[in-house]
Protein chains: 2
Amino acid sequence: MSEDRLSRVFAALADPTRRDIVARLAVGDATVGQLAAPYEVSIQAVSKHLKVLEDAGLVSRSQDAQRRPRHLEAEVFDLMTAWIERYRRQAEERYRRLDAVLAAMDDENQTTINKGAAS
Amino acid sequence: MSEDRLSRVFAALADPTRRDIVARLAVGDATVGQLAAPYEVSIQAVSKHLKVLEDAGLVSRSQDAQRRPRHLEAEVFDLMTAWIERYRRQAEERYRRLDAVLAAMDDENQTTINKGAAS
DNA sequence: CGCTTATTCAACCGATCGGTTGATTAGAGA
DNA sequence: TCTCTAATCAACCGATCGGTTGAATAAGCG
């Protein structure tokens with residue numbers, strides 16, 4: 001399924017420079033040169049980072065003469081949020097049930113609680 | 001800051017096997033052997049995956065004889081969600097403003113719209 | 001047309017990644 | 001104690017990653 005897509009999105013955001021680029025693109029569209037300016041690395045390196053973000057679907061490019069301004073595709077974030085929320089909720093639900101079970105055991109076996117601690 | 005932490009979390013979840021492990025741990029705690037069973041890869045490989053998840057703070061381990069059951073630490077998800085939401089909102093807000101500006105220009109320059117297209 | 005600007009392509013390099021196999025540690029249990 | 005089970009450590013391997021430099025492509029400009 002979109003297993004692969006999700007992997008690319010997470011991998012793309014695993015790099016601090018790329019997260020930084022996303023942050024800057026959230027403010028407004030920008031060209032490769034503009035995006036590269038604040039960094040010490042070469043323009044080619046930034047261009048590569050942008051390719052990774054594009055392959056993940058996080059960024060798109062348009063054309064303006066020889067410039068190719070990049071644009072943040074914010075919808076992809078939903079894919080991540082959906083994945084994260086799913087398992088967070090599941091884990092929280094489990095906690096809730098576990099707490100209930102432990103409370104029930106506690107009610108039932110008040111006197112046997114020290115059994116393990118005695119050794 | 002927790003730049004580094006965030007990088008590790010995203011990197012950890014960039015691997016489908018590790019996301020799968022997280023999914024299983026959301027259902028309930030499990031030992032390395034139990035987690036490794038459904039996969040074709042060696043136990044050592046799964047052990048390595050778990051180390052990555054632990055280093056990212058997504059998973060913790062306890063002790064039960066020679067077994068070391070793993071537990072999902074769901075709170076770390078909040079770190080990601082916070083990051084994602086921040087830039088999604090920012091991008092969405094920008095859209096809103098851009099739409100407003102375009103609408104205003106549209107009102108103002110109805111007749112000049114074909115200027116660019118004429119050449 | 002020839003120059004400059006913006007960007008990408010290509011080859012290379014060291015580091016990290018996901019996997020392997022083999023040896024080791026740690027605890028239970030006969 | 002000797003043995004079995006659970007898991008980790010260690011060394012290695014090919015692939016990918018983030019970076020470099022150098023050449024190529026593409027579009028505006030004098």
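Residue numbers begin at 1 in each chain, while the letters A, B, ... track the order of the sequences.
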* Kindly indicate whether the side chain of B/Gln66 and the base of D/dA6 share any N or O donor-acceptor pair separated by less than 3.5 Å? => no
* Charged N to carboxylate O below 4.0 Å: is that the case for A/Arg67 and A/Asp29? -> no
* Cationic N near anionic O, under 4.0 Å, B/Asp55 to B/Lys51 -> yes
* Structure fact -> Comparing A/Arg67 with B/Gln34, nearest DNA chain D nucleotide closer to 5' gives the residue B/Gln34
* Residue A/His49, side-chain heavy atoms: nucleotide from C/dG27, D/dT20, D/dG18 that is nearest -> D/dG18
* Are A/Thr31 and C/dT7 close enough that a side-chain N or O sits under 4.0 Å from OP1 or OP2? -> yes
* Salt-bridge criterion met for A/Arg24 and A/Asp20 (N-O under 4.0 Å) -> no
* Distance test, side-chain N/O of B/Ser42 to OP1/OP2 of C/dT20, below 4.0 Å -> yes
* With respect to the side chain of A/Arg18, which nucleotide from D/dA7, D/dG18, C/dT8 is positioned closest? -> D/dG18
* Structure fact -> Closest to the side chain of B/Thr17, out of C/dG19, D/dA27, D/dT8, is C/dG19
* To do: Could you work out which one of C/dG18, C/dT7, C/dA11 sits closest to the side chain of A/Lys48?
  => C/dA11
* B/Asp15 side chain, from C-beta outward: closest of C/dG18, C/dT8, D/dA6 -> C/dG18
* To do: Give a yes or no on whether a donor-acceptor pair under 3.5 Å exists between the nucleobase atoms of C/dG18, that is its base, and the side chain of B/Gln44.
  => no
* To do: Could you check how far CD1 of B/Ile43 sits from P of C/dG22, rounded to whole Å?
  => 16 Å
* **A/Arg89/A/Glu92 salt bridge by N-O under 4.0 Å criterion** => no
* Mapping B/Val32 and A/Ala11 to their closest nucleotides on DNA chain D, which lands nearer the 5' end? -> B/Val32
